[in-house]
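The block underneath contains the structure these notes are about, expressed in structure tokens.
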2 protein chains.
Amino acid sequence: MTTYGPSLTYHHGNLRKALLDRAAAVIAEQGIECLSLRALARDLGVSHAAPSRHFTDKADLLRALATEGSDKFIAYVFAAAEAAGDNPLERYAAMGKAYIRFSLEYPAYYRTIAHPEVVAHADDELKASEKRRSLIINDAARAAQAAGWLPDESIDDIVMFSIATVRGVSAMLGDPLHSRQSEIRDYEALIDRMVRLIIDPAAPQKSLNPATRNDEKQPGGKNNEGDRM
Amino acid sequence: MTTYGPSLTYHHGNLRKALLDRAAAVIAEQGIECLSLRALARDLGVSHAAPSRHFTDKADLLRALATEGSDKFIAYVFAAAEAAGDNPLERYAAMGKAYIRFSLEYPAYYRTIAHPEVVAHADDELKASEKRRSLIINDAARAAQAAGWLPDESIDDIVMFSIATVRGVSAMLGDPLHSRQSEIRDYEALIDRMVRLIIDPAAPQKSLNPATRNDEKQPGGKNNEGDRM
DNA sequence: ACCCCAATGTTGTCAATGACAACTTAAGGT
DNA sequence: ACCTTAAGTTGTCATTGACAACATTGGGGT
């Protein structure tokens with residue numbers, strides 16, 4: 001955060017963007033509930049009512065942030081899928097990992113997107129972005145199922161289960177307390193394991209961190225259906 | 001909510017309990033962020049500072065509610081496990097279902113327990129209850145693994161995966177928007193399916209709701225390891 | 001080049017809230 | 001019956017979101 005002292009110019013230049021940036025920083029540091037429009041204005045060296053020129057109220061600012069975040073989320077997750085190649089299951093796994101990674105890389109965006117209050121007051125633009133988000137996941141889940149994954153489940157169940165899990169993992173890893181007390185070494189590996197548990201719990205671990213897995217038993221059988229991806 | 005009009009007695013009788021009850025009602029209806037000590041006092045017909053005799057501040061009230069809720073949660077989940085019999089996997093599944101059911105039956109308790117801010121300001125009593133909660137789940141997960149479930153995963157991973165999923169499902173079902181737009185008929189059946197996906201995704205559905213599952217294919221093979229519970 | 005107006009910020013105010021202080025009431029043990 | 005003290009009350013202050021009325025300035029049309 002760069003503070004410019006008493007502003008030399010009457011007009012800020014790009015207060016709207018500055019507000020969104022600072023809001024994201026505050027949300028990432030102290031959570032969405034601690035956001036205060038007046039504090040934001042103070043941080044940026046403008047008067048307490050200046051933000052109202054750009055956002056009618058707090059919900060409006062959060063809506064804008066959520067829209068930005070939702071679009072960024074879509075791009076992030078889609079890019080991960082593309083990078084994963086053509087196998088629908090690998091694509092779906094990559095999206096699951098990207099979901100969790102996004103929540104850690106952009107906690108402010110993620111918390112805003114996921115906040116029930118924000119979602120409840122979504123305008124048409126945000127609703128549209130949410131819909132796109134939902135569609136991209138649904139489509140990928142459908143493709144994964146078509147490739148042989150969980151053939152007996154309804155697509156709604158599959159999607160709900162997948163989202164619930166990545167959402168839960170994101171919430172747990174994003175909670176400063178939980179992650180502080182459980183001393184996680186390697187987030188990437190943890191995310192991989194969580195997504196593997198969603199997609200193919202019967203498969204044996206591929207690259208194993210000796211500290212985080214159990215003793216090697218099981219000579220070869222047991223996971224007869226392994227290697228689905 | 002029963003309002004007694006201008007109180008006839010100077011003393012309320014049991015304001016502490018009344019505050020907790022009313023707080024739970026408000027949280028269930030409007031969410032934890034909408035809770036206001038002054039509104040609570042108004043609802044109960046006492047002065048705006050009366051609550052401070054029982055709770056030093058808002059966090060203190062939420063802490064009390066969370067402690068109550070955490071203890072109730074433990075009893076609820078433990079009872080479900082006991083009712084499920086001796087099979088560790090069935091017990092674990094019953095606990096998972098109970099987790100989600102608790103969040104729907106006691107949304108105020110659940111939201112309070114799960115609120116990061118509340119957890120962050122936990123006192124020793126609440127921390128102790130949280131620890132018991134954590135232990136009961138860990139033990140059950142260990143037993144389930146000892147009974148053959150996911151033998152290759154670390155217990156921490158198993159617990160994180162399980163909790164993340166039930167937590168995510170609870171969040172999704174507890175969000176008025178999500179459940180309003182997705183028209184869920186039978187919560188019990190949905191919860192069963194979600195927990196089955198955690199514990200034994202390869203197993204075929206047992207009692208099937210034709211509307212929520214796919215066409216029956218798969219004559220018999222494929223789920224060779226089924227019926228673990 | 002000039003002027004004017006609309007976008008952008010500012011000061012001022014109000015109601016709601018959490019938190020605290022100082023005062024008041026009544027309930028129950030001795 | 002008394003009187004200590006738990007339980008409520010009124011009063012006040014700082015913070016905040018929201019709004020209204022006023023001030024400044026930069027850029028576009030003439």
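Naming convention: chains lettered A, B, ... in sequence-line order (proteins, then strands); numbering from 1 in each chain.
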**A/Leu62/A/His115 under side chain to side chain contact (heavy atoms under 4.5 Å, CB included): CA gap, chis, key distance, verdict** = CA-CA 10 Å; A/Leu62 288 174; A/His115 200 72; 5.8 Å; no
**Request:** Figure out the CG/P separation between A/Asp57 and D/dA18, and round it to whole Å.
**Result:** 5 Å
**Request:** Would you kindly give the CG-to-P distance between A/Leu40 and D/dT16, to the nearest whole Å?
**Result:** 11 Å
**Interatomic distance where CG belongs to B/Asp43 and P belongs to C/dA16 [whole Å]** = 15 Å
**Asked** For B/Leu15 and C/dT25, what is the distance between atoms CG and C1' respectively, to the nearest whole Å?
**Response** 15 Å
**B/Ala49 side chain, from C-beta outward: closest of C/dT13, D/dG11, D/dA20** = D/dG11
**Request:** Heavy atoms only: give me the nearest B/Glu153-A/Pro201 pair and the separation to one decimal.
**Result:** OE2-O, 4.3 Å
**Request:** Rounded to the nearest angstrom, tell me the gap between atom CZ in A/Arg53 and atom P in D/dG17.
**Result:** 17 Å
**Prompt:** For the side chain of A/His121 and the backbone of A/Glu117, is there at least one donor-acceptor N/O pair under 3.5 Å apart?
**Reply:** yes
**Complete:** In whole angstroms, the gap separating P of D/dC19 from CG of A/Leu37 amounts to 12 Å
**Message:** Please find the pair of heavy atoms, one from B/Gly174 and one from B/Arg111, that lie closest to each other, and give the distance.
**Reply:** O-NH2, 3.6 Å
**Asked** What's the CG-P distance between B/Leu62 and C/dG18, to the nearest Å?
**Response** 11 Å
**Prompt:** For C/dG9, does either OP1 or OP2 sit under 4.0 Å from a side-chain N or O belonging to A/His54?
**Reply:** yes
Please set out all donor-acceptor pairs under 3.5 angstrom arising from side-chain atoms of residues 98-105 of chain A, sequence neighbours excluded.
residue	atom	partner	partner atom	Å
A/Tyr99	OH	A/Tyr110	OH	3.0
A/Arg101	NE	A/Glu188	OE1	3.4
A/Arg101	NE	A/Glu188	OE2	3.4
A/Ser103	OG	A/Ile100	O	2.6
A/Ser103	OG	A/Ser170	OG	3.2
A/Glu105	OE2	A/Tyr76	OH	2.6

**Message:** Reading DNA chain D from 5' onward, which residue's closest nucleotide shows up sooner: A/Arg38 or B/His48?
**Reply:** B/His48
**Message:** What I'd like to find out is whether the side chain of A/Asp157 reaches to under 4.5 Å of the side chain of A/Leu150, using heavy atoms alone.
**Reply:** no
**Least distance between heavy atoms, B/Val195 atom then B/Gly96 atom** = CG2-C, 3.8 Å
**Fill in**
When A/Thr56 and B/Val46 are each assigned the nearest nucleotide of DNA chain D, the 5'-most assignment goes to B/Val46
**Complete:** Looking only at C/dG12, C/dT8, C/dA19, the nucleotide nearest the B/Lys58 side chain is C/dA19
**Prompt:** Does B/Arg42 place a side-chain N or O at less than 4.0 Å from the phosphate oxygens OP1/OP2 of C/dT17?
**Reply:** yes
**Message:** Let's see if you get this right: which residues in residues 24-36 of chain A place a heavy atom under 4.0 Å from DNA chain D?
**Reply:** A/Leu35, A/Ser36
**Message:** Measure CG/B/Leu44 against P/D/dT9 and give the value in whole Å, please.
**Reply:** 11 Å
